[in-house]
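Start at 1 and go down the list; that is how both ligands and their atoms are numbered. Quick caveat, the model's predicted, so the values are computed rather than measured.
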Amino acid sequence: METIQLTVDKNVDKEKIYSQAVDLLNQGEVVAFPTETVYGLGAVATNDEAVKKIYEAKGRPSDNPLIVHIGTVEEVTDFVEEIPEKAKTLMERFWPGPLTLIMKAKKDVLAKSVTAGLSTVGLRMPDHEVALTLLRMLKKPVAAPSANRSGKPSPTKAEHVYEDLQGRIPLILDGGTTGIGIESTVIDVTVNPPVILRPGGVTKEMIEKEIGEVIEPTPKEQQLESTPKAPGMKYTHYAPDAPVYLIENNRERIERAIDELKREGHKVALLAPSNFSSTTADYFFPYGEEEDKEQMAAKLYDDLRACDKTDASIILATTTTTEGVGAAIMNRLHKAAGGKWYGTPSTTT
Ligand code: TXA
Ligand code: MG
């Protein structure tokens with residue numbers, strides 16, 4: 001299959017490009033498109049054959065359910081049994097935006113493979129012009145996981161999608177670099193207090209301001225949990241090819257580690273805040289300023305992918321604090337590292 005990549009910007013006939021994408025989706029094909037978080041690989045969520053093509057293209061285990069994307073708030077009632085009060089408040093405050101709400105699914109409306117046998121469904125309205133225009137033209141719900149091969153870092157650029165899925169999908173809509181850079185926050189509102197199953201751009205602090213107490217496991221707990229509530233969280237994720245090790249943000253410790261590793265014959269890539277630029281690592285990927293967590297999140301996956309373009313044999317990733325979006329960054333780093341530390345951490349994050 002030939003994969004076509006079409007740029008959606010003001011220099012092109014957008015109408016024609018969207019029609020092409022809508023036609024493909026209506027024919028039961030998959031299409032990759034940008035959202036404000038990461039690129040998604042979409043299929044019509046009521047068409048089981050189409051949804052199966054997503055799992056196939058990604059190489060994704062079929063017990064990992066997909067998020068359903070909608071273009072208007074009104075559609076929610078088509079897919080869920082009831083909308084809890086707290087969910088209404090969150091939708092009003094954060095939609096469109098990077099927040100996925102897990103609610104009780106209506107029976108037999110969505111394709112079986114969307115919910116992977118669960119009685120719940122995750123819904124979100126993305127805050128991206130291309131995604132919203134596509135959804136509103138299609139007038140159908142779109143099931144869409146991140147548009148990467150399973151296990152790889154999620155794509156924040158159309159080129160990342162192409163790298164992973166060329167020859168496996170017919171169309172990529174290129175809307176440039178995604179803004180947030182890590183996946184949406186997933187919150188289960190079927191329980192009280194609600195539980196954050198995956199931290200993301202909408203932080204615990206932001207949510208608690210609206211609806212009071214919510215529960216968020218620490219990155220370590222999320223990593224260790226043996227029967228995770230979000231089935232996807234049990235797999236190694238977001239990982240480049242070379243092994244990733246977490247290391248505390250301490251210059252002396254980091255330089256010592258680099259020394260040791262180089263002596264063992266390693267080529268070392270270092271992922272760290274910009275102020276580490278004088279490092280002795282073979283490759284340095286500055287992922288923003290330590291104080292600017294949004295910037296770190298936006299660059300994280302591009303940096304992890306960039307490590308794969310080098311001959312680095314080991315990747316050291318410095319940790320950050322879990323305030324605000326830091327919780328989501330640490331969650332993704334723990335996953336990428338499979339929980340491995342270089343040396344013994346002095347803290348429990
Ligand atoms: O930002 C995002 O959420 C992106 C863009 C494309 O919207 N999508 C995304 O989808 O990250 P995916 O499939 O890569 O991650 C969905 C996560 C998985 O961890 C999955 O297990 C969880 O949400 N999930 C989906 N439906 C669920 C459900 N009914 N109950 C519990 N967890 C669910
Ligand atoms: Mg994913």
Please determine whether any non-hydrogen atom of A144 lies less than 4.0 Å from an atom of ligand 1. yes
Is the closest heavy-atom distance from L197 to ligand 1 below 4.0 Å? yes
In plain terms, say whether [X] and [Y] are close enough for a salt bridge, that is, a side-chain N and a carboxylate O under 4.0 Å apart.
X    : Y    : answer
E85  : K88  : yes
D292 : K299 : no
R305 : E159 : no
K157 : E163 : no
R93  : E210 : yes

I'd like to check whether T35 has a polar contact with ligand 1, where a contact means an N/O of the residue lying under 3.5 Å from an N/O of the ligand. no
Which atoms from ligand 1 have a heavy atom of [X] less than 4.0 Å away?
X    : value
S146 : 8 (N), 9 (C), 10 (O), 12 (P), 14 (O)
T120 : 28 (C), 29 (N), 30 (N)
L118 : 28 (C), 29 (N), 30 (N)
N64  : 18 (C), 20 (C), 21 (O)
G40  : 6 (C)
H69  : 5 (C), 6 (C), 7 (O)

Which is closest to [atom] in terms of heavy atoms, [options]?
atom                    : options              : result
atom 13 (O) of ligand 1 : R124, E36, R60, E183 : R60
atom 28 (C) of ligand 1 : L99, I102, T178      : I102
atom 24 (N) of ligand 1 : G122, G201, P65      : P65

At less than 2.8 Å, would any N/O/S atom of S154, backbone or side chain, sit next to the Mg ion (ligand 2)? no
I need the D302 CG to T178 OG1 distance, nearest 0.5 Å. 9.5 Å
In chain order, what residues pass the salt bridge (Lys or Arg N to Asp or Glu O under 4.0 Å) check against K104, with sequence neighbours excluded? none
Show your reasoning for whether side-chain hydrogen bond (donor to acceptor under 3.5 Å, both in side chains) applies to H266 and D282. CA-CA 9 Å; H266 277 292; D282 298 289; over 6 Å; no
Could you identify which residues cluster with V268, counting Ile, Leu, Val, Met, Phe, Trp and Tyr as linked when any side-chain heavy atoms lie under 4.5 Å apart, either directly or through a chain of such contacts? Y245, I247, I254, I258, L261, L270, F276, F284, I314, L316, Y342
